[in-house]
Amino acid sequence: CGGVCKACVPLASCSDGIQNQDEEGTDCGGVCSPCFSCSDGIQNGNEEDIDCGGSCAPCPTPPEILETCSDGIQNQDEEGTDCGGVCAPCFSCMDGEQNGDEEGIDCGGSCAPCTIAQAEEYPRCDDGTMNGEEEGIDCGGICAPCFSCGDGEQNGDEEGIDCGGSCAPCEPEETMEAYATCDDGIINGDEEGIGCGGICGPCFNCNDGSQNGDEEDVDCGGSCAPCAS
């Protein structure tokens, strides 16, 4: 073929840009590689993802990832993972400050354990040790005041003034006096009657010429004789 003969017929191939041979599409299918579609559930052809991109519809833009101070990623203007910049300041075990989860300046927590000297310098009121300015174990100084069994006050775990709890047991009258109330059903403290007199309200009777107590009228009703109709 060619020359003075009839024109040559191009040899069919899978790259001639013609649907020939037993192709199912232009240069695909049959003896060529399978044809692809934009709905076959496979990333093939010139697709950029499954059934999208290339000669298919554009692939959707992935949703924007919201950057926060708790996403576990160093982003935004953070100086470390989720710290610095717009987030809380980053801390280190060498910044000369007690921050983060440190128990003292640059020690404890995620830093090296605090030494005895550091613990003395930076005491806590719950470490079970008498340190810092404390006057007793976890009391006094910057902690709550210490109490004793001879300070003339009811404090600490005392059940009365300087008795009970970790002090010597209270005598019955000490407890009674210490806890005298106006509604305990007992004459105690400086009461003149059950729950009346002394530090309580005045006691009343049924012939004092006043309407008091639970009386319904002057000296009658309630715990007194019934009032006249």
Side-chain angles (χ1 to χ4, degrees), residues 38-170 174-175 177-181:
C38 299
S39 59
D40 56 11
I42 303 172
Q43 181 179 350
N44 47 21
N46 63 350
E47 294 173 348
E48 298 170 8
D49 205 338
I50 295 176
D51 296 335
C52 68
S55 54
C56 299
C59 293
T61 302
E64 182 180 357
I65 298 175
L66 184 62
E67 298 177 343
T68 70
C69 296
S70 59
D71 55 14
I73 302 171
Q74 183 177 348
N75 46 26
Q76 308 177 86
D77 61 347
E78 295 170 353
E79 300 167 7
T81 301
D82 295 336
C83 69
V86 297
C87 303
C90 296
F91 81 94
S92 78
C93 299
M94 299 175 62
D95 57 13
E97 297 181 5
Q98 181 176 348
N99 45 25
D101 61 351
E102 295 172 347
E103 299 170 5
I105 293 181
D106 297 335
C107 68
S110 51
C111 301
C114 293
T115 63
I116 295 177
Q118 287 172 315
E120 284 289 335
E121 188 175 359
Y122 306 106
R124 302 198 327 262
C125 297
D126 59 355
D127 56 11
T129 306
M130 180 176 172
N131 46 23
E133 301 174 350
E134 295 174 352
E135 300 166 7
I137 295 177
D138 296 336
C139 70
I142 61 172
C143 303
C146 296
F147 78 96
S148 76
C149 299
D151 57 12
E153 297 181 6
Q154 181 180 343
N155 46 26
D157 61 351
E158 295 173 347
E159 299 169 5
I161 295 178
D162 295 336
C163 67
S166 52
C167 299
C170 293
E174 289 179 311
T175 304
E177 289 291 334
Y179 287 102
T181 66

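Keep in mind that what you see is a predicted model, and the values were worked out from it rather than measured.
- Between Gly80 and Cys90, the shortest heavy-atom distance links the atoms N-SG, 3.7 Å.
- When all heavy atoms of Glu67 and Gln76 are compared, the pair lying nearest together is OE1-CG, 3.3 Å.
- In plain terms, the two heavy atoms of Ile42 and Ile50 that are nearest each other are N-CG2, 3.8 Å.
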> Are Cys69 and Cys83 close enough, and set up right, to give a disulfide (SG to SG under 2.5 Å), and what steps lead you there?
Replying inline: CA-CA 7 Å; Cys69 296; Cys83 69; over 6 Å; no

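- The two atoms that bring Thr81 and Ile73 nearest to each other are CG2-N, 3.8 Å, heavy atoms only.
- The side-chain contact (heavy atoms from CB on, under 4.5 Å) search around Cys93 returns Cys111, not counting sequence neighbours.
- In this structure, the side chain of Asn46 engages the main chain of Ser55 through a donor-acceptor pair within 3.5 Å.
- Scanning all heavy atoms of the two residues, the minimum distance from Gln43 to Glu47 falls at CA-OE1, 3.1 Å.
- For the pair Glu78 and Thr68, the tightest heavy-atom approach, listed with the atom from each and the gap, is OE2-O, 3.4 Å.
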